[in-house]
Amino acid sequence: MTERQKPHEQDAIARRSNFEAVEEDLTPQQVKLEAQRCLRCKNARCIQGCPVNINIPEFIQALKEDNVQKAGDIIRETSLLPSVCGRVCPQERQCEGKCVLGIKGQSIAIGALERYVGDKSSAKNSAIKPSGKKVAVVGSGCAGITAAADLRKAGHDVVVFEALHKLGGVLRYGIPPFRLPRKFLDREINTLKELGVVFKTNVIVGKSITLKQLKDDGFDAIFICSGAGLPKMLGVAGENLNGVYSANEFLTRVNLMQAHEKHTPTPLKIGNKVAVIGGGNVAMDAVRTAARVGAEEVYIIYRRTESELPARLEEIRHAKEEGVIFKLLHSPVEIIGEGGYVKGIKLEVMKLGEPDDSGRRKPVQTGEIVEMDVDTVIVALGTGPNPIIQKSAKAEGMDIETDRRGYIVVDVEDNKTSIPMIFAGGDVAPTGESNAINAMGAGKNAAKAINEMLKSA
Ligand code: SF4
Ligand code: SF4
């Protein structure tokens, strides 16, 4: 059988100093070869692996017939973000992870094919029959733009409120351009604008406007998908020193505010030796970004081994190729400072113990402490929900139920919150692994439930 086709990648040394895409699109010849590998399974397991259930065998069939636009039309019946998803979905755990060819060999490169189709085809303008209903979407990340598209297609007036000055949520401020070039994100957001979705930036729901005001303004339903932007820190001594960043702040300042550039009003001081704490995709994004903004030595500090790293295999491979050093089985116990600035980090050597609830072997302390010289520490241990919306809603008598960690509690079936007209999804109301495509799945789910509610109103 033909080998799985691989996109050409930018040379690792060259790309360490630029923000250009690491991977190119497959060539048309590669697309044809890859499409021909697909068995067009009747009971396509790949579709079950996709949280938005894209009709994968059919769009691949259109590629076999050299009809890229038809492939695009098939994908866009379900998702308006093929260029984004083809780049940022963890395909090996989703669609490709279920592909039958992956059982004994190499799964179809669904993500690379979808990305090609997204880039090379256009969205069609479909006629919209006005429903006379208004829906507010709070947040313009994956869940928000997906829900906005489905709600608009159902005829509702949709207004998306974004707290930042640019649209896209974590796709914009979190994911670096070398993984998701901005022209593709902009193009897919423009498709929504052409559909008639209204976007309002610099509006913090809970501060600039409250949920009650939205309700009083005549919105018939509200979908909260404001993400989880509150960073989790280490809780060790030295965390307040200059040179310690959360990955959230670091990535936002580089991706959104170009804080690393020479003539920026908001400069970012990054040292020569940077330690990133964590092993997920955000940690990989942060460490690879640190290398690109001038750090000479970049480290990942992770308390388990490589087999337990939660980041995508491809991101780990790319990081290694770019010279990232993985310091595994080490856990920070103190950040050492001098004159108010980071000078080093103390790490405890760990070993693996019994598996924990997640099935991964638990890191166990050994008592052995080592020190490393670093001048910047970036903490990438995840984020929690920002409580602004929930707090302001409560003050106005709209008590949205949250769990003990502050996440909004929703019904998994329909993303309903404890307040009938309010729905929530994505990282602010997680119902599965936190990633772009699961957030999109939540956006679709919520839009379907909102449509049903508004139809019966
Ligand atoms: Fe796979 Fe993501 Fe595309 Fe679904 S949206 S088919 S999970 S790449
Ligand atoms: Fe094609 Fe794999 Fe899906 Fe079968 S499971 S239709 S081979 S992509």
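Atoms within each ligand, like the ligands themselves, are counted from 1 in listed order. Source: prediction; values computed, not measured.
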[X] side chain to [Y] side chain, donor-acceptor N/O pair below 3.5 angstrom:
| X | Y | value |
| --- | --- | --- |
| Thr201 | His165 | no |
| Arg312 | Gln91 | yes |
| Asn18 | Gln10 | yes |
| Ser83 | Asp119 | yes |

For Glu354, is there an ion pair with Lys362 - N to carboxylate O distance below 4.0 angstrom? no
### Message
Looking at Arg45 and Cys99, would you say the former's side chain and the latter's main chain have a donor-acceptor pair under 3.5 Å?
### Response
no
Glu188 side chain vs Val84 backbone, donor-acceptor pair below 3.5 Å
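Checked: pair present.
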Look at [atom] and say which protein heavy atom is nearest, naming residue and atom and giving the distance to 0.1 Å.
| atom | value |
| --- | --- |
| atom 5 (S) of ligand 2 | Val100 N, 3.5 Å |
| atom 7 (S) of ligand 2 | Leu39 N, 3.4 Å |
| atom 1 (Fe) of ligand 2 | Cys38 SG, 2.4 Å |

By side-chain hydrogen bond (donor to acceptor under 3.5 Å, both in side chains), Ser140 pairs with (sequence neighbours left out) Glu162
What protein N/O/S atoms are found closer than 2.8 Å to atom 1 (Fe) of ligand 1?
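Only Cys95 SG fall inside 2.8 Å of atom 1 (Fe) of ligand 1.
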In ligand 2, the atoms that come under 4.0 Å of a heavy atom of Cys41 are 4 (Fe), 5 (S), 6 (S), 7 (S)
Metal site atom 2 (Fe) of ligand 2: N/O/S of Cys99 inside 2.8 Å:
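True for Cys99.
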